[in-house]
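Predicted model, so just to flag it, every value in this text is computed and none were measured. Values reported hereafter were calculated over all heavy atoms of this structure, with side chains retained and with hydrogens, waters and symmetry mates removed.
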2 protein chains.
Amino acid sequence: MEYSEKKVQIMEAAEQLFAEKSFDGTPVRDIADKAGVNLAMISYYFGSKEKLLEALFNYRAETGILKMESMLLDKSQTSLQKVNALIDFYIDKFQNQTCFHKIMSREQLHNQRNEIAVLIQQFKKRNQELVKQLILEGQKKGEFKKNIDIPLMMATLIGTVSHLVTTQHFYKEINNLQSLSDDEFKIHIKKKLSHHLKFLFKAILTHEA
Amino acid sequence: MEYSEKKVQIMEAAEQLFAEKSFDGTPVRDIADKAGVNLAMISYYFGSKEKLLEALFNYRAETGILKMESMLLDKSQTSLQKVNALIDFYIDKFQNQTCFHKIMSREQLHNQRNEIAVLIQQFKKRNQELVKQLILEGQKKGEFKKNIDIPLMMATLIGTVSHLVTTQHFYKEINNLQSLSDDEFKIHIKKKLSHHLKFLFKAILTHEA
DNA sequence: TTAATTTAAACAAACGTTTAATTAACTTTT
DNA sequence: AAAAGTTAATTAAACGTTTGTTTAAATTAA
């Protein structure tokens, strides 16, 4: 699928609204208003509201994997450095595309829309395969210990980042950080999270139980 | 609010449907059908669909905190044992009330329904206060190190458990565990997760950076 | 008798999608 | 280069459903 300017306009308007109010909570009319196009254009371009969501998933998924692949292929870094880069990559991914990841988190909670579930499944499988290669490489070089449960490790990575980023507002209030601007707060969280996860992963990958 | 048999029937029907298809994706008529009551009974008892959701939150939140408090007050355990009990407590909570926690996860993704956001906020604050006491106690006794970031630690606990439990289907397929029955799979995940998190928390609480 | 529960029917509003008419953009023909 | 022809883009209006909620009558319980 090619992405004309109008199509992207609509997808990005939908992305914001779906993130804010959920798929079923967002009327197609609101998407059209936000994108500044006529209501009928959505059916005209995408066929239906659901296919618009699918298009958005494909649109966002395309770029995601590529970045990760190029990062993990960098030969000049040790395996632990690559893992650390992976952690920062996930934090950035969630922080810079919060809307999309809120939508994806919601979609993972049910198995309603099958085409999208399949997309997520493929996505996850491919990501995990890449990480697995990275871990195996580190084990071969003797940097990492044996018997690492990769799905559990990924659950901690994605779960921690996702939970913290999507519940920022709670975190902000509970820790009395309301005085920080959005940007300051983002940097604050990124720094904390990065350090925390790198510490955890060092334990997971190198400390014997 | 008192919970008559009919009210509970309706709330639990709603809980399942909301978890499966989201709040906005669930027609009130479907809830009435599933609960085996007349459509009008929902407005009669709860006032509206949204107030039904609020009632469900209050219904589930009431019991949750109490269990945790009694657990943490047990004087016969070391602080690390209590932390380990806390981990198992959270795993059980998510595994036994998956429907409710899916709904809560979704509600945390937006700030649409304010009454519920406030409920979750209070809930989280109180939970974190209890955990904070536990950590302080362990630090006083010299069991735990200083400078523990409790919100980050909780994000890893809740994030990891929540992510794994709500994406079980992905986990099952990626790891070729389709042959396991639902119960076997539940036990499998609980064991793995429990061990993984206890290992992580030992690192967080006792290893110097 | 009175109050609480339950019902089927009705309500207006909102929903996703389609229609048919109009405008814009591009191609081909002269 | 202008006119005619053709496809694509855009529009306002309408479509039939589905939505959450209310009503007013009927049934049950106290």
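- Rounded to a whole Å, the OH atom of Tyr45(A) is 17 Å from the P atom of dT18(C).
- Going from atom CZ of Phe46(A) over to atom P of dA9(D) covers 12 Å, rounded to whole Å.
- For His196(B) and Thr156(A), the side-chain atoms include at least one donor-acceptor pair closer than 3.5 Å.
- The CD1 atom of Ile31(A) sits 15 Å away from the C1' atom of dA14(C) (whole-angstrom rounding).
- Straight-line distance from the CE atom of Met41(A) to the P atom of dT19(C): 17 Å, rounded to whole Å.
- Under the rule for a side-chain contact (heavy atoms from CB on, under 4.5 Å), the partners of Val28(A) that lie at least two apart in sequence or sit in another chain are Leu39(A), Ile42(A), Lys49(A).
- When the salt bridge (charged side-chain N to carboxylate O under 4.0 Å, His left out) test is applied to Asp182(B), the partners found at least two apart in sequence or on another chain are Lys172(B).
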**Prompt:** For nucleotides 13-30 of chain D, read 5' to 3', which letter fits each nucleotide if B means a protein heavy atom sits under 4.0 Å from the base, S means only the sugar-phosphate is that close, and - means neither?
**Reply:** -B----BBBBB-------
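- With sequence neighbours left out, the side-chain contact (heavy atoms from CB on, under 4.5 Å) criterion links Ser43(A) to no other residue.
- Pairs engaging residues 77-90 of chain A under the salt bridge (charged side-chain N to carboxylate O under 4.0 Å, His left out) rule: Lys82(A)-Glu137(A), Asp88(A)-Lys190(A), Asp88(A)-Lys198(A) [sequence neighbours left out].
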Kindly list each side-chain donor-acceptor pair under 3.5 angstrom involving residues 122-129 of chain B, sequence neighbours excluded, with atom names and distances?
| residue | atom | partner | partner atom | Å |
| --- | --- | --- | --- | --- |
| Lys124(B) | NZ | Gln108(B) | OE1 | 3.4 |
| Asn127(B) | ND2 | Tyr90(B) | OH | 3.3 |
| Glu129(B) | OE2 | Gln133(B) | NE2 | 3.2 |

